[in-house]
**Q** 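Take a look at the following structure, please.
All ligand and atom numbering here is 1-based and tracks the order in the structure. Numbers for residues simply follow the sequence, beginning at 1.
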Amino acid sequence: MKLWGGRFRKEENKLMEDFNSSLPFDKRLYKQDIIGSIAHVEMLHKSGILTEDERSKIIEGLNSILQDIEEGKLLIEGDYEDIHSFMEVNLIKRIGDVGKKMHTSRSRNDQVALDMKLFAKENGLMVSEMISELMNTIEKLANDNIYIMPGYTHLQRAQVVTFKHHMMAYHSMLRRDKKRIDNTVELLDESPLGSCALAGTTYDIDRSFTAEKLGFKKTVDNFMDGVSDRDYLIELLSDFSIIMMHLSRLSEELIIWSSQEFNFIQIDDAYATGSSIMPQKKNPDAAELIRGKTGRVYGALIAMLVTMKGIPLAYNKDMQEDKQQFFDALDTVIACLSIMNEMLKTLKVKEENMRKAVKAGFLNATELADYLVNKGIAFRDAHRIVGEVVILCEDKGLAIEDMSLEDLQSIDTNFEEDVYDFIDYDKVFEKGIKRELL
Ligand code: ARG
């Protein structure tokens with residue numbers, strides 16, 4: 001079952017065989033491998049390297065393998081070195097010696113580079129599409145809940161914002177995430193097929209033909225780079241890491257907001273779990289898991305960067321390590337994007353509790369200082385005066401807007417009746433976060 005037995009005097013050690021095999025994980029590339037092989041065979045025929053009869057037998061064989069795999073009649077397992085060996089051996093089993101011609105002017109090096117690029121492109125675009133869906137969900141949630149809430153810095157109540165404005169911050173982050181993925185896909189869009197092992201081939205092949213057939217914008221400029229480049233996986237892992245960082249920050253907020261201390265939101269029962277001992281518990285596990293899984297996506301990025309950093313050109317077996325890391329990170333991002341989407345669709349926002357928190361937080365203190373500035377007081381002096389107002393409010397257990405005018409005037413005589421309108425929360429918000437950003 002080896003593609004390379006000829007120059008060996010001894011059998012491969014069993015431990016080595018298992019250690020070397022990538023089939024258990026690169027079987028995921030079966031479709032890309034077959035599609036790539038079909039394009040390659042078409043090109044060999046067009047270039048006069050395969051006859052029409054050879055071309056159609058090989059393509060028929062490859063299509064029947066594809067069909068049997070998809071129908072579950074052919075399992076991708078056994079002592080094969082990788083998905084490429086599996087395909088070639090199975091093709092030869094089905095169509096005989098003519099199958100041995102498929103690998104003319106091709107190496108597994110450009111073959112695997114092609115498979116990974118096709119896989120990365122397709123799945124990158126799928127993630128990009130999922131980001132769009134999540135953006136739509138966020139926009140809807142935001143528009144359904146325009147209520148005012150405290151905005152925080154240092155997790156201390158700072159100024160008034162709205163739930164909508166808060167959520168739309170994530171919309172902006174996701175818009176950049178989507179663009180990053182689209183850019184990565186655009187940059188990777190060059191076909192490596194025809195680079196062969198590292199130095200091209202003596203055959204007069206047509207790389208542009210396969211590139212076009214497989215939907216690539218162009219062919220790679222350099223064969224050695226063609227088989228050695230895994231930048232696009234690192235870029236996608238970096239894009240995924242940033243997406244996860246955003247989802248993790250959002251998760252953290254959902255966790256905090258659903259605590260009894262905040263009580264701003266209610267996560268739907270369908271996305272929470274209970275405790276085996278404490279009957280009253282409802283835990284935000286989905287959000288916690290997203291936050292937790294972020295680490296493993298970062299891990300994949302770092303692993304991949306470290307794998308690539310010390311290997312000379314061109315192909316080295318180290319690069320086989322790209323697959324498990326990339327597949328795992330991809331699956332994680334996909335799972336997290338979909339669970340976040342569902343969780344947000346069913347989220348309940350507690351308007352009253354957010355409004356109470358706004359009132360209790362002196363969130364119009366900055367505007368109170370602005371009021372004094374409008375009366376001709378320097379901002380730094382106004383800042384100190386309002387500080388004193390806050391102390392008095394705390395002593396009396398009142399919000400600023402609930403203080404009597406006499407009390408305010410006992411601290412500074414510039415306060416007049418119009419102050420209450422100036423520091424009204426709804427107006428403050430509208431003035432601060434301008435109409436167009438609402
Ligand atoms: N399984 C290998 C990989 O994933 C395929 C390429 C093998 N190439 C080679 N020269 N041994 O990288």
Side-chain angles (χ1 to χ4, degrees), residues 1-8 10-37 39-40 62 65 69 76-91 100 102-123 188 191-201 210 214 220 222-234 236-237 300 303-331:
M1 302 228 259
K2 297 267 181 308
L3 302 182
W4 39 259
R7 76 77 76 232
F8 285 78
K10 268 170 93 173
E11 280 295 298
E12 191 179 15
N13 171 286
K14 177 72 182 122
L15 203 58
M16 171 58 193
E17 205 170 86
D18 291 344
F19 187 62
N20 193 34
S21 173
S22 52
L23 190 69
F25 45 91
D26 68 12
K27 63 180 178 190
R28 196 161 167 177
L29 298 172
Y30 75 87
K31 209 185 312 162
Q32 288 76 12
D33 202 70
I34 290 176
I35 290 169
S37 288
H40 177 65
L62 288 170
I65 291 176
I69 291 173
I76 309 178
E77 57 186 26
D79 295 339
Y80 301 93
E81 192 177 325
D82 50 31
I83 187 67
H84 325 295
S85 318
F86 173 89
M87 289 297 173
E88 192 169 318
V89 172
N90 274 280
L91 181 72
K100 294 180 181 170
M102 173 172 70
H103 210 56
T104 314
S105 92
R106 186 174 67 168
S107 158
R108 279 182 297 165
N109 298 350
D110 58 343
Q111 189 176 357
V112 74
L114 173 73
D115 292 2
M116 278 309 272
K117 272 199 168 176
L118 288 172
F119 183 87
K121 217 174 133 177
E122 185 181 326
N123 285 281
L188 74 80
S191 170
L193 191 60
S195 303
C196 299
L198 76 165
T201 172
T210 44
L214 294 166
V220 293
N222 183 290
F223 296 145
M224 295 178 80
D225 181 51
V227 292
S228 307
D229 172 27
R230 297 293 182 273
D231 292 3
Y232 58 97
L233 296 179
I234 294 173
L236 281 171
L237 288 172
M304 195 64 208
L305 280 167
V306 177
T307 297
M308 293 305 292
K309 88 184 235 310
I311 51 182
L313 296 180
Y315 178 83
N316 298 267
K317 200 55 173 269
D318 315 41
M319 285 152 72
Q320 179 166 286
E321 288 294 308
D322 60 359
K323 292 173 196 62
Q324 283 151 301
Q325 298 292 347
F326 185 73
F327 294 158
D328 184 71
L330 174 71
D331 293 342

**Q** Identify, with sequence neighbours excluded, every residue that meets side-chain contact (heavy atoms from CB on, under 4.5 Å) alongside Q325.
**A** A300, A303
**Q** Show me the donor-acceptor pairs, under 3.5 Å and distance only, between side chains in residues 113-123 and residues at least two apart or in other chains.
**A**
unit_1 : atom_1 : unit_2 : atom_2 : d
K117   : NZ     : L188   : O      : 3.2
K117   : NZ     : E190   : O      : 2.8
K121   : NZ     : D189   : OD1    : 2.8
K121   : NZ     : G215   : O      : 2.8
N123   : ND2    : F119   : O      : 2.9

**Q** Residue by residue, ordered by chain and number, which ones reach under 4.0 Å of ligand 1 with a heavy atom?
**A**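 Near ligand 1, by chain and number: S22, D26, D82, H84, R108, N109, V112, Y315, Q320, K323.
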**Q** Does the side-chain hydrogen bond (donor to acceptor under 3.5 Å, both in side chains) test come out yes or no for E321 and T307, once each step is laid out?
**A** CA-CA 8 Å; E321 288 294 308; T307 297; over 6 Å; no
**Q** Is any side-chain N of the basic residue among K323 and D82 closer than 4.0 Å to the acidic one's carboxylate O?
**A**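 The answer is no: the pair does not qualify as a salt bridge.
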**Q** Considering residues at least two apart in sequence or located in another chain, which fulfil the side-chain contact (heavy atoms from CB on, under 4.5 Å) criterion with L313?
**A** M224, S228
**Q** Taking it one step at a time, do R28 and F327 satisfy side-chain contact (heavy atoms from CB on, under 4.5 Å)?
**A** CA-CA 9 Å; R28 196 161 167 177; F327 294 158; 3.5 Å; yes
